[in-house]
Amino acid sequence: PESNRLNSTASAERTTPAHIIHELENGLLADAAHTSPKYFYDAVGSVLFEAICVLPEYYPTRTEAEIFTTHMADMTNVIGSGGSLIDLGAGNCAKAARLFPVLHPDQYVPIDISVHHLQDAVRRLQQRFPHIEMTALGLDLSQDWQLPVEVRNDKRLFFFPGSSIGNFEPHQALTFLRHLRASCDSSGGILIGVDLIKDKTLLDDAYADTLGVTAAFNLNLLRHINHLLHSDFDVRQWQHEAYFNTEKSRIEMHLRARENIRVSWPGGYRNFIKDEHIHTENSYKYSIDSFVNLLTEAGFSHVSHWTDANAWFAVMYAKA
Ligand code: AVI
């Protein structure tokens with residue numbers, strides 16, 4: 001819209017990398033304003049996400065954990081042991097650590113956008129498992145990335161739990177999976193958590209919990225953007241919204257303007273009219289068949305999958 005501006009003479013002193021400023025500005029100035037879900041995870045956002053994972057309404061974390069507990073022996077038989085375990089979006093490394101005693105990796109490579117967050121967890125893990133070589137990497141998986149040479153290419157197992165693949169657009173998910181396939185030889189594989197299509201009410205409730213933790217998680221994005229962009233979002237002027245879009249098979253999260261709002265930052269501004277919204281996240285839900293097809297299209301084969309009794313969530317293993 002004409003009233004929304006990007007001035008060429010941005011002035012404030014900044015520590016935020018230019019490509020992040022650009023990405024945020026482009027998203028905020030688009031006709032349908034949007035932001036990348038990676039900006040949820042500042043210090044507060046990461047803690048709020050950990051809280052989401054233990055909410056009664058948020059079934060994915062506990063359901064996935066239950067699938068691992070129930071089917072671990074069968075999974076171990078299919079996957080085998082040894083090699084490099086490459087943990088994509090490792091966070092506190094807790095999910096991968098549960099695999100160490102059964103998969104016995106020779107090397108553990110946790111990857112996260114913030115390597116600082118990883119370091120404490122890795123130090124503690126290294127004490128518990130001194131014989132596993134550990135290399136923490138700070139990489140933004142939504143950008144182009146390559147594994148450095150210190151990651152051994154002998155039985156690379158990519159571990160991507162939590163249905164984080166659902167936060168990619170399906171075409172990006174395919175590109176990402178193809179990149180994983182290209183990043184290992186035929187001894188490699190992938191172990192991935194996938195959230196499945198289910199009753200709309202269950203899905204809606206998982207992203208609009210009664211305590212308002214997911215609302216806080218969504219709204220905290222505005223505080224993080226203020227920090228990165230030096231913008232003046234006022235959290236109180238925005239309303240959390242989340243619902244399952246059945247046609248597109250995805251949860252959509254939005255922030256809706258409660259009133260007419262002008263948001264400014266050094267170099268630009270955007271006027272939002274009441275009820276206009278910022279699209280902050282998609283979380284795609286798959287059927288087992290559609291995800292098996294995606295893995296196959298990406299070049300993986302021999303897909304095995306395990307689910308819970310309700311078929312709410314699936315863990316899949318595929319060979320390279
Ligand atoms: C990290 N990701 C898999 C979560 C999800 O379910 O899409 C993020 C999340 N957003 C709201 N609640 C949880």
Side-chain angles (χ1 to χ4, degrees), residues 34-65 67-68 87-96 110-114 117 140-142 158-170 172-173 176-177 190-224 238-245 248-256 277-286 291 294 308 312-316:
H34 56 90
T35 50
S36 160
K38 71 183 172 205
Y39 298 114
F40 284 132
Y41 303 95
D42 66 347
V44 173
S46 300
V47 172
L48 287 170
F49 180 63
E50 281 185 28
I52 287 174
C53 291
V54 290
L55 289 172
E57 294 96 334
Y58 194 73
Y59 61 85
T61 314
R62 62 167 192 280
T63 309
E64 184 183 51
I67 295 169
F68 274 109
D87 191 354
L88 305 165
N92 63 11
C93 308
K95 288 182 184 177
I111 299 178
D112 212 289
I113 193 159
S114 143
H117 200 71
D140 179 354
L141 297 171
S142 71
F158 292 104
F159 181 49
F160 200 34
S163 74
S164 295
I165 192 74
N167 298 130
F168 289 82
E169 290 302 302
Q172 292 171 330
F176 182 75
L177 294 170
I190 182 173
L191 182 61
I192 187 165
V194 185
D195 198 10
L196 301 176
I197 299 165
K198 61 184 67 59
D199 178 70
K200 178 171 161 58
T201 315
L202 280 164
L203 283 164
D204 287 344
D205 290 354
Y207 291 81
D209 62 278
T210 50
L211 273 180
V213 182
T214 310
F217 174 73
N218 198 8
L219 288 161
N220 177 64
L221 175 79
L222 300 178
R223 295 176 62 255
H224 191 203
W238 298 85
Q239 163 90 42
H240 166 69
E241 273 190 12
Y243 55 87
F244 186 58
N245 180 333
K248 296 192 166 156
S249 195
R250 68 188 192 195
I251 286 282
E252 293 183 14
M253 291 219 306
H254 299 267
L255 289 166
R256 179 174 294 276
H277 49 86
I278 307 174
H279 191 164
T280 57
E281 184 178 54
N282 287 323
S283 189
Y284 282 86
K285 310 302 169 190
Y286 290 89
F291 204 81
L294 199 66
D308 55 294
W312 281 355
F313 199 93
V315 174
M316 299 198 185

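Ligands are counted one by one from 1 in listed order, and the atoms in each one are counted from 1 as well. A quick note: this is a predicted structure, and the numbers were derived from the prediction, not measured.
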query: Looking at ligand 1, does Ser163 have a heavy atom less than 4.0 Å from it?
result: yes

task: Could you tell me whether the side chain of Asn167 and the main chain of Asn282 form a donor-acceptor pair under 3.5 Å?
output: yes

- request: With heavy atoms under 4.0 Å as the rule, classify the contact between Tyr58 and ligand 1 as side chain, backbone, both or neither.
  value: side chain

query: Are Phe40 and Phe217 close enough that their ring centres sit under 6.0 Å apart?
result: yes

- prompt: Below 3.5 angstrom, do we get any N/O pair linking Ser164 and ligand 1?
  reply: no

- request: Report yes or no: does Phe217 have a heavy atom closer than 4.0 Å to ligand 1?
  value: yes

message: Under 4.0 Å from a heavy atom of Tyr41: which atoms of ligand 1 are those, numbered in the order shown and with their elements?
response: 1 (C), 8 (C)

message: Within the 4.0 Å heavy-atom shell around Phe49, which atoms of ligand 1 are there?
response: 1 (C), 4 (C), 8 (C), 13 (C)

message: Which residue and atom name correspond to the protein heavy atom nearest atom 7 (O) of ligand 1, and how close is it?
response: Ser283 OG, 2.6 Å

message: Please determine whether any non-hydrogen atom of Tyr284 lies less than 4.0 Å from an atom of ligand 1.
response: no

query: Is Glu57 reaching over with its side chain to a backbone N or O of Thr210, donor-acceptor style, under 3.5 angstrom?
result: yes

query: At what distance is the nearest protein heavy atom to atom 10 (N) of ligand 1, and which residue and atom is it?
result: Glu281 OE1, 2.7 Å

statement: re atom 2 (N) of ligand 1, the protein heavy-atom contact at minimum distance is Asn167 OD1, 2.9 Å

- request: Measure the CZ-CG distance between Phe160 and Leu191 for me, rounded to the nearest 0.5 Å.
  value: 12.0 Å

task: Can you sort out which atoms of ligand 1 are near Gly162, meaning under 4.0 Å from one of its heavy atoms?
output: 3 (C)

query: Does Ala90 offer a backbone N or O that forms a donor-acceptor pair with the side chain of Asp112 under 3.5 Å?
result: yes

message: Measuring only between side-chain heavy atoms, which start at C-beta, is Leu255 closer than 4.5 Å to Leu219?
response: yes

- prompt: Is there a donor-acceptor contact under 3.5 Å from the side chain of Asn92 to the main chain of Ala94?
  reply: yes

query: Counting N and O atoms only, with roles assigned by atom type, does the side chain of Asp195 sit under 3.5 Å from a partner on the main chain of Lys285, one being a donor and the other an acceptor?
result: no

task: Give a yes/no verdict on whether any heavy atom in Pro60 is under 4.0 Å from an atom of ligand 1.
output: no

